[in-house]
There are 2 protein chains.
Amino acid sequence: MNKSAVKVRNVLERVGGFASAQELHLVLHRDQEAIGLTTVYRALQSLVADGAVDLIRREDGEALYRLCGDNHHHHLVCKSCGKTVEVPGGAIEKWALKAAHENGFRDIGHTAEIFGICSDC
Amino acid sequence: MNKSAVKVRNVLERVGGFASAQELHLVLHRDQEAIGLTTVYRALQSLVADGAVDLIRREDGEALYRLCGDNHHHHLVCKSCGKTVEVPGGAIEKWALKAAHENGFRDIGHTAEIFGICSDC
DNA sequence: TTGAAAATGACAATCATTTTCATTTCTACT
DNA sequence: AGTAGAAATGAAAATGATTGTCATTTTCAA
Ligand SMILES: [Zn+2]
Ligand SMILES: [Zn+2]
Ligand SMILES: [Zn+2]
Ligand SMILES: [Zn+2]
């Protein structure tokens, strides 16, 4: 793992949840860590290839990244103001494994997000 | 549902599985059904909004569309060959409602996808 | 018929991601 | 230390899916 990949992974660790390549690039710049956007993309590619980082897709298709092996959880997002609450996976994990197993799939991953309108909106 | 949306839905029916907007556009042209790519996108948007069509994301982020059965379900997708199995929601629906309720959210929706490697790959 | 509203499609714009390529940094060996 | 070759970097251009614009056409009810 090269220097840039380490930087990117550290930022992912601090951020905690999902972040886009561009968001990560921004945070790195705030931290005076000069690093090109291209390099951020390359670092993320190799982290994903190494299985160190998970990639999911936002509803509009943009890629979001998060450290693997983080305490796994899901998100409840307000469609109006963007407020986000972390929710434990619980039943989902079993549901995903069961469905995959019944269909002969292996190397399972899953995504699950809930969205709605929060009480403030 | 307007004329274009009907055409697009018919093609989706014939195609049977998932197809990208551009693939559908191509098929329509082969069938001498002159229709603009923009209109194909718009038809797909409204079909998705109406719940008549499912949208999933290929690994590279491109959108794929498929006619939806009437009952709500989720997808188990092979990361290697794209093979897709519909799985019933079951536990997810309750999990999403519960998490949302506990946090004061309303107008709830959710997404959940499972991915892995199928037995053929 | 007629006029407003919806639909259409060519074209331009947007924007995340990838590619290119010249330059810089690392690495290994003498 | 010096040097050659490999790997990494990043600015800028290219790519490509999707969306926005807007002038024109179609639909349809009064
Ligand atoms: Zn809110
Ligand atoms: Zn989970
Ligand atoms: Zn497969
Ligand atoms: Zn569901």
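Proteins come first, then strands; the chains are lettered A, B, ... in the order of their sequence lines, and each starts at number 1.
Atom CD in A/Glu62 sits roughly 13 Å away from atom P in D/dT19 (whole-Å rounding). Distance, A/Tyr41 OH to D/dA11 C1': 15 Å, rounded to whole Å.
Salt-bridge formation is detected for the pair B/Arg14/B/Asp31: a Lys NZ or Arg NE/NH1/NH2 atom is positioned less than 4.0 Å from an Asp or Glu carboxylate oxygen. By the 4.0 Å N-to-carboxylate-O rule, B/Glu102 lies close enough to B/Lys98 to be salt-bridged with it. We find that B/Glu113 and A/Arg57 are not joined by a salt bridge, their nearest charged nitrogen and carboxylate oxygen being 4.0 Å or further apart.
With a 4.5 Å cut-off on side-chain heavy atoms, A/Leu26 and A/Gln22 do not count as touching. A/Glu59 is not listed as a side-chain neighbour of B/Leu55, based on a closest heavy-atom distance of 4.5 Å or more.
For the pair A/Asn2 and D/dT9, the criterion of a side-chain N or O lying under 4.0 Å from OP1 or OP2 is met. Distances shorter than 4.0 Å separate some side-chain N or O of B/Gln45 from OP1 or OP2 on D/dT19.
Nearest heavy atoms, A/Ile114 versus B/Ala99: CD1-CB, 3.8 Å. In this structure, A/Glu62 and A/Ser20 approach most closely via the heavy-atom pair OE2-CB, 3.2 Å. Smallest separation of non-hydrogen atoms from A/Ser46 and A/Ala43: OG-O, 3.0 Å. Smallest separation of non-hydrogen atoms from B/Cys78 and B/Ile117: SG-CA, 4.1 Å. Across all their heavy atoms, A/Gly89 and B/Trp95 have their closest contact at O-NE1, 3.1 Å.
Only at 4.0 angstrom or more do the heavy atoms of residues 9-26 of chain B sit from any atom of DNA chain C, so none qualifies. Annotation: proximity of residues 30-40 of chain B to DNA chain D (heavy atom, distance under 4.0 Å) is found for B/Thr38, numbered in ascending order. Within residues 47-61 of chain A, no residue has any heavy atom closer than 4.0 Å to DNA chain D.
When hydrophobic clusters are built by joining Ile, Leu, Val, Met, Phe, Trp and Tyr residues whose side-chain heavy atoms come closer than 4.5 Å, directly or via intermediates, A/Val87 is grouped together with B/Ile92.
Protein chain A contacts DNA chain C from C/dA16 to C/dC26, reading 5' to 3' and using non-hydrogen atoms of the protein with a distance under 4.0 Å.
Applying the ring pair (Phe, Tyr, Trp, His ring centres under 6.0 Å) test to pairs two or more places apart or on separate chains, those with a residue in residues 100-121 of chain B are B/His72-B/His110, B/His74-B/His110.
When the ring pair (Phe, Tyr, Trp, His ring centres under 6.0 Å) test is applied to B/Phe18, the partners found at least two apart in sequence or on another chain are B/His75.
With hydrogens and angles ignored, no donor-acceptor pair under 3.5 angstrom links the side chain of B/Arg42 to the base of D/dG20.
Toward the 5′ end of DNA chain D lies the nearest nucleotide of B/Leu64, the other residue of the pair B/Lys3 and B/Leu64 mapping further downstream.
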